[in-house]
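Accompanying notes for the structure given below.
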Amino acid sequence: MTISKRQEKEQRIVELREAITRLEIELQKDMELEQHQAIDHLDEHFEVVEVKFNNLKTFWSSLKSDWQKTKS
């Protein structure tokens, strides 16, 4: 193998390693963005569940009060 061929291959390896590093960084950023979006979605879902739970508590309290009134 000639020196220039070896140098070309070494340069290509360096370029490929740099490209891999850039892709890994991009992938990490994409994964973090997806995680943040998933967390935001869970927060929204939790808020919906919390509202429904509070409505159920209010309904149950009202039902219990009405039941006690009819019992008296």
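Only heavy atoms go into these numbers, but all of them, side chains included; no hydrogens, no water, no symmetry mates. Position 1 is the first residue of the sequence, and the numbers go up from there.
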Inset, instruction - Let me see the working for E26 and R22 under salt bridge (charged side-chain N to carboxylate O under 4.0 Å, His left out), right down to the final yes or no. - result: CA-CA 6 Å; E26 185 178 332; R22 285 191 302 273; over 6 Å; no

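- If you take CZ on R17 and OG1 on T21, they are separated by 9.5 Å, rounding to the nearest 0.5 Å.
- Rounded to the nearest 0.5 angstrom, H41 NE2 and I39 CD1 are separated by 12.5 Å.
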Inset, instruction - Check step by step if salt bridge (charged side-chain N to carboxylate O under 4.0 Å, His left out) holds for E8 and K5. - result: CA-CA 5 Å; E8 287 175 20; K5 291 254 185 214; 5.2 Å; no

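- Remark: F53 CZ to W60 CH2 distance equals 12.5 Å, nearest 0.5 Å.
- Side chain to side chain, Q11 and Q7 fail the donor-acceptor criterion of an N or O pair below 3.5 Å.
- Taken from CG in D40 to NE2 in H36, the straight-line distance is 8.5 Å, to the nearest 0.5 Å.
- Salt-bridge formation is detected for the pair R6/E10: a Lys NZ or Arg NE/NH1/NH2 atom is positioned less than 4.0 Å from an Asp or Glu carboxylate oxygen.
- Taking CD1 of I20 as the start and CG of L27 as the end, the distance is 12.5 Å to the nearest 0.5 Å.
- When side chains are defined from C-beta on, V51 counts as touching N55, because their heavy atoms get closer than 4.5 Å.
- Counting only distance, with no hydrogens or angles, the side chain of T58 and the backbone of N54 share a donor-acceptor pair below 3.5 Å.
- The line from CG of L42 to CD of E47 is 11.5 Å long, rounded to the nearest 0.5 Å.
- Taking 4.5 Å as the limit, some side-chain heavy atom of Q28 sits within range of a side-chain heavy atom of E32.
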